[in-house]
Amino acid sequence: MNFMRYPFQEIESKWQSFWQNNKIYHTNLSNIDKKLYTLVMFIYPSGAKLHCGHWYNYGPTDTWARYKKLKGFNVFEPMGYDAFGLPAENYAIKTGVHPFDSTITNINDIRQQLKKMGCMYDWDSELMTCVPAYYKWNQWLFLQLYKKGLAYRKNAPVNWCPKDQTVLANEQVQNDGTCERCGTLVIQKNLTQWFFKITDYAEELLKGLDEINWPEKTKTMQRNWIGKSTGAEVKFKVENSDEAITVFTTRPDTLFGVTYLVIAPEHPLVNKLTQPKFKKDVDKYLDSIKSLTEIERTSTTKEKTGVPLGSFAINPVNGDKVPIWIADYALLTYGTGCVMAVPAHDERDFEFASRFNLKIRKVILGNNKEPDDLLESAYTESGKMINSGPFNGLDSETCIGKIIEFLEQNNLGRKKINFRLRDWLISRQRYWGTPIPIIHCEKCGEIPVEEKDLPVELPYDVEFNPSGESPLASNKLFMNVKCPKCGTAAKRDPDTMDTFVDSSWYYFRYLNPNFADGIFDKNLADNWTPVDMYVGGAEHATMHLLYARFIHKFLRDIGFTKSNEPFNNLIHQGTITNLGAKMSKSKGNVVNPDDLTSKYGSDVFRLYLMFMGPYELGGDWSDKGISGTDRFVQRTYELFNKFSGVFLKAPQKSNFDILLLSIDEKSVYRKVNQTIKKFDEEINNFRFNTAIAAMMELLNELNKNLDKCSNSLQSYSLERFGIMLAPIAPHLAEECFEIAGNKESIFLGEKWFEPDYKALIEDNVNIAIQINGKLRTTIQVPLDTEQNIVKDIVINDEKIVKYLDDKQIIKEIFVKNKIYNIVVK
RNA sequence: GCGAGAAUGGCGGAAUUUGGUAGACGCGCUAGACUUAGGAUCUAGUACCUAACCGGUGUCGGGGUUCGAGUCCCCGUUCUCGCACCA
């Protein structure tokens with residue numbers, strides 16, 4: 001054993017306290033020159049503490065932030081706690097420990113763990129959402145939305161989790177109809193709930209996606225979620241009735257092909273339009289629907305069901321009398337809840353009509369088709385109009401506009417854009433969240449709390465019995481207030497806000513979490529937002545990332561920020577699974593990072609997470625390769641010890657003339673500069689695995705040849721190696737630099753090296769020699785050797801000669817410095 | 001069902017931007033050195049077939065374009081992710 005092992009425990013805590021004591025990472029926010037706001041999604045402080053997924057999110061992102069800092073950017077990288085939420089409350093129900101107490105305990109533990117990671121978080125900017133100083137501004141935000149009519153209450157069927165005893169947003173219900181948090185089957189319930197009117201921003205949320213540098217996949221998901229579709233609303237009169245049915249369609253060109261109408265079973269018109277003779281069957285059908293779960297009902301594989309109501313509607317364009325049905329494939333929550341069915345040109349309608357023997361009428365003809373051809377499936381493309389009165393013979397595409405025009409002129413319908421996006425349901429019947437600042441007065445109705453009376457503080461003493469009502473409802477001290485308007489006895493709103501409200505604007509608050517004069521410091525926000533780089537899980541694609549964009553635009557509209565979008569660049573780290581499943585306590589497959597950091601240290605663990613593979617990919621956990629990055633650290637430490645004090649021995653040189661170097665020196669010099677170029681490109685694009693591979697290659701070269709170099713080249717090489725090491729293994733790099741003779745922290749200012757481009761090019765290159773495209777040998781020649789010289793060497797090469805004997809050369813392909821291919825016959 | 005992406009040694013993964021020596025880097029494995037010892041360290045080797053050389057084969061399978069294909073095109077298989085009656 002030549003050197004002692006790298007004593008990571010001692011060295012990591014040494015540099016961590018050095019950084020902390022010297023406030024190395026405090027960002028001067030008044031300096032906006034080359035400002036760079038790097039943000040990771042803040043942490044939910046659960047009892048499970050930091051796990052590998054957090055490390056995978058935070059470690060590599062911190063590497064990127066440090067790299068940018070060394071390149072001269074004024075980097076702001078904060079960390080905080082998304083501290084409200086259900087799990088803390090569920091924990092309280094189970095154990096009796098108050099959510100506030102458990103959350104604060106968890107935060108204190110997590111803060112210690114975070115500090116041990118050695119990230120450059122600006123701890124002066126730390127925030128948590130569960131304190132009045134923060135959630136007061138959720139309430140303020142609510143009031144601003146309320147003023148503009150963007151926060152409102154309505155009775156609506158909502159997703160209800162019977163286990164968590166609260167409502168869920170659509171996004172929080174998984175594909176199989178279960179609760180995202182606990183996996184319980186979600187039911188539908190009619191409740192009066194608070195909503196934020198995100199739909200007012202649908203169009204802008206869609207358009208804004210074109211301005212931001214986000215993963216295409218995430219943008220597509222948001223586009224689909226917003227779900228814009230253009231079409232028309234058409235009014236169908238009901239025969240022998242004053243009622244009318246309005247449908248939404250994206251295909252007004254098929255209007256002449258309507259053979260029946262479908263309305264959603266829950267639609268209020270159902271009762272009115274059901275003819276007495278049909279009532280029994282309709283009731284039976286409605287019953288059968290109720291017993292189905294949401295998944296069963298909306299499953300695409302299930303056969304469509306439905307019954308007729310006995311009423312008929314009149315097609316406004318041709319006067320056709322068509323039957324009205326109810327069917328489970330019509331959704332109350334989209335469009336008008338009513339569908340005009342065109343079986344000939346819609347797959348769902350075709351399937352339904354075939355099953356119930358309803359009429360099918362063709363109105364669009366595809367190329368090379370005859371009107372009498374048998375229709376085997378719905379024809380959904382465009383084509384020539386038939387059976388469509390005045391529109392016959394025209395192209396269906398152009399008829400969309402013409403028919404809308406016709407409808408509008410005759411007051412039968414209008415152009416209409418529909419969005420799939422629904423308003424954001426923000427109230428939760430739970431305790432551990434931001435109280436909704438509304439007072440309900442019997443006389444005056446719904447009265448907002450005045451801004452000067454904020455915050456409405458969350459009381460500490462409550463009963464945590466899951467009753468379906470917010471625990472706040474049973475706290476008389478909290479609930480009973482005087483109406484701000486008339487002064488009589490009134491009650492507070494007992495619900496709390498969805499925690500996604502907290503995370504919709506936290507990136508503003510980080511800039512000054514103690515700011516008392518407003519939701520955030522507007523001057524700082526103007527200088528520092530939007531966030532330049534945001535890193536977090538892809539699971540937030542249609543929730544947090546959409547809500548934050550909405551709130552950002554709203555804040556802009558009320559004059560609080562100038563930008564249109566909160567996050568200019570977005571990267572999703574991949575998911576680390578274990579044994580094929582996402583790590584979770586309930587599955588018992590959580591890998592505890594402490595076991596690894598206590599064995600190898602933070603730097604080794606961080607390096608390993610980055611080295612495992614592409615950052616966006618994640619992967620299944622295995623610690624098999626961690627000894628590789630451990631060895632890298634050990635050998636680096638050994639190398640610097642071998643050359644301790646080298647910075648003091650030799651004068652600093654910025655470049656060398658490569659022609660004056662020895663062969664070994666040249667090799668070292670070239671590799672150092674090639675690595676700088678490669679490393680820079682890779683880290684900049686979050687390709688940590690290949691960046692580290694390049695560093696390993698450089699280390700191998702230095703171990704081989706550095707002792708054969710001059711003192712000044714040794715100094716040159718180790719200085720550059722150490723600077724590149726700093727973002728990927730910060731503690732180690734600081735220590736190594738100190739060993740080499742550096743006096744102060746690496747991270748004090750700009751410190752990056754440009755490669756010496758003259759040194760990047762090799763003197764000699766290997767050229768692949770191919771016969772008929774097959775590799776036969778390689779030869780080494782000086783750079784830029786011309787074809788005739790290469791040919792001279794090749795045709796005399798013993799490995800090649802035998803392939804050329806008795807053969808005729810038909811063609812030669814020569815690519816300088818790459819290949820020489822001879823085609824023979 | 002629809003849409004997007006992917007498939008490379010025993011393993012994680014490079015190379016795909018621009019078609020030009022496939023397997024960088026690391027793990028693991030094999031042999032050797034040092035050692036009281038080695039689960040430490042160092043050196044060498046490591047895609048597969050062939051005893052070895054020569055040679056041949058090889059980037060999911062099948063076809064194609066090209067002097068040349070992991071890379072481009074077509075067909076298929078498998079996997080991952082997203083959407084899932086949105087009229």
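Order of the sequence lines fixes the chain letters, A, B, ..., with proteins taken first and strands second; residue numbering starts at 1 for each chain.
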Can you tell me how far [atom2] of [N] sits from [atom1] of [X], to the nearest Å?
{"X": "A/R776", "N": "B/rC54", "atom1": "CZ", "atom2": "C1'", "answer": "12 Å"}
{"X": "A/R687", "N": "B/rC25", "atom1": "CZ", "atom2": "C1'", "answer": "15 Å"}
{"X": "A/R631", "N": "B/rG39", "atom1": "CZ", "atom2": "C1'", "answer": "10 Å"}
{"X": "A/N224", "N": "B/rA84", "atom1": "CG", "atom2": "P", "answer": "9 Å"}
{"X": "A/W225", "N": "B/rG82", "atom1": "CH2", "atom2": "C1'", "answer": "11 Å"}
{"X": "A/R420", "N": "B/rG82", "atom1": "CZ", "atom2": "P", "answer": "14 Å"}
{"X": "A/Y334", "N": "B/rA84", "atom1": "OH", "atom2": "P", "answer": "13 Å"}
{"X": "A/I810", "N": "B/rG68", "atom1": "CD1", "atom2": "C1'", "answer": "14 Å"}

As a test of reading the structure: which of [options] is closest to the side chain of [X], going by heavy atoms?
{"X": "A/Y803", "options": "B/rG82, B/rU21, B/rG55", "result": "B/rG55"}
{"X": "A/K624", "options": "B/rA87, B/rC11, B/rG82", "result": "B/rC11"}
{"X": "A/N766", "options": "B/rC81, B/rA15, B/rU21", "result": "B/rU21"}
{"X": "A/T249", "options": "B/rU21, B/rA87, B/rA14", "result": "B/rA87"}
{"X": "A/V823", "options": "B/rA87, B/rC27, B/rC67", "result": "B/rC67"}
{"X": "A/K774", "options": "B/rG20, B/rU57, B/rA24", "result": "B/rU57"}
{"X": "A/N689", "options": "B/rG13, B/rG20, B/rC85", "result": "B/rG13"}
{"X": "A/F611", "options": "B/rG13, B/rG12, B/rU21", "result": "B/rG12"}
{"X": "A/L331", "options": "B/rA87, B/rG28, B/rA15", "result": "B/rA87"}
{"X": "A/Y329", "options": "B/rU21, B/rC85, B/rG13", "result": "B/rC85"}

Categorize [X] for me: base, sugar-phosphate, or nothing, with a 4.0 angstrom heavy-atom threshold over every strand shown.
{"X": "A/N700", "value": "sugar-phosphate"}
{"X": "A/G337", "value": "base"}
{"X": "A/R635", "value": "sugar-phosphate"}
{"X": "A/T778", "value": "base"}
{"X": "A/S622", "value": "nothing"}
{"X": "A/E697", "value": "sugar-phosphate"}
{"X": "A/T333", "value": "nothing"}

Give none if [N] has no partner; otherwise give the nucleotide forming a Watson-Crick or G-U wobble pair with it, both distances under 3.5 Å.
{"N": "B/rG19", "answer": "none"}
{"N": "B/rU59", "answer": "none"}
{"N": "B/rC54", "answer": "none"}
{"N": "B/rG38", "answer": "none"}
{"N": "B/rA44", "answer": "B/rU30"}
{"N": "B/rA84", "answer": "none"}
{"N": "B/rG5", "answer": "B/rC79"}

Quiz item: OP1 or OP2 of B/rA14 sitting under 4.0 Å from any side-chain N/O of A/K678?
Solution: no
Quiz item: For B/rC67, does OP1 or OP2 lie under 4.0 Å from any side-chain N or O of A/K811?
Solution: yes
Exercise. Decide yes or no for A/T636 and A/F721: does some side-chain heavy atom of the first lie under 4.5 Å from some side-chain heavy atom of the second?
Key: yes
Quiz item: Mind checking whether A/W325 and A/F352 have parallel, tilted or perpendicular rings, split at 30° and 60°?
Solution: perpendicular
Practice problem: Could you say whether A/V339 or A/G625 is positioned toward the 5' end of RNA chain B, judged by the nucleotide with the nearest heavy atom to each? | Solution: A/G625
Self-check item: First of A/N772 and A/T220 reached from the 5' end of RNA chain B, by closest nucleotide
Solution: A/T220
Looking at [Y] and [X], is any side-chain nitrogen of the basic one under 4.0 Å from a carboxylate oxygen of the acidic one?
{"X": "A/E812", "Y": "A/K791", "result": "yes"}
{"X": "A/E681", "Y": "A/K677", "result": "yes"}
{"X": "A/E216", "Y": "A/R223", "result": "yes"}

Self-check item: Qualifying salt bridge (Lys or Arg N to Asp or Glu O under 4.0 Å) pairs, either residue in residues 603-623 of chain A, two or more places apart
Solution: A/D62-A/R606
Using the [atom1] atom on both, measure [N] against [M] and round to a whole Å.
{"N": "B/rU16", "M": "B/rU8", "atom1": "C1'", "answer": "12 Å"}
{"N": "B/rC11", "M": "B/rA7", "atom1": "C1'", "answer": "16 Å"}
{"N": "B/rC81", "M": "B/rU71", "atom1": "C1'", "answer": "24 Å"}
{"N": "B/rG58", "M": "B/rG5", "atom1": "C1'", "answer": "25 Å"}
{"N": "B/rG3", "M": "B/rU21", "atom1": "P", "answer": "36 Å"}
{"N": "B/rU18", "M": "B/rC73", "atom1": "P", "answer": "13 Å"}
{"N": "B/rG70", "M": "B/rG19", "atom1": "C1'", "answer": "10 Å"}
{"N": "B/rC49", "M": "B/rA40", "atom1": "C1'", "answer": "37 Å"}

Quiz item: For A/D346, which residues count as a salt bridge (charged side-chain N to carboxylate O under 4.0 Å, His left out) partner, sequence neighbours excluded?
Solution: A/R348
Practice problem: Classify the side-chain pair A/T246/A/E233 by whether it contains a donor and acceptor separated by less than 3.5 Å. | Solution: no
Quiz item: Looking just at side-chain N and O atoms, do A/S229 and A/N418 make a donor-acceptor pair shorter than 3.5 Å?
Solution: no
Exercise. Go through the N and O atoms of the side chain of A/K304 and the base of B/rC85, and report whether any donor-acceptor pair is under 3.5 Å.
Key: yes
Quiz prompt | Anti or syn - B/rG70, cut at 90° from 0 | solution = anti
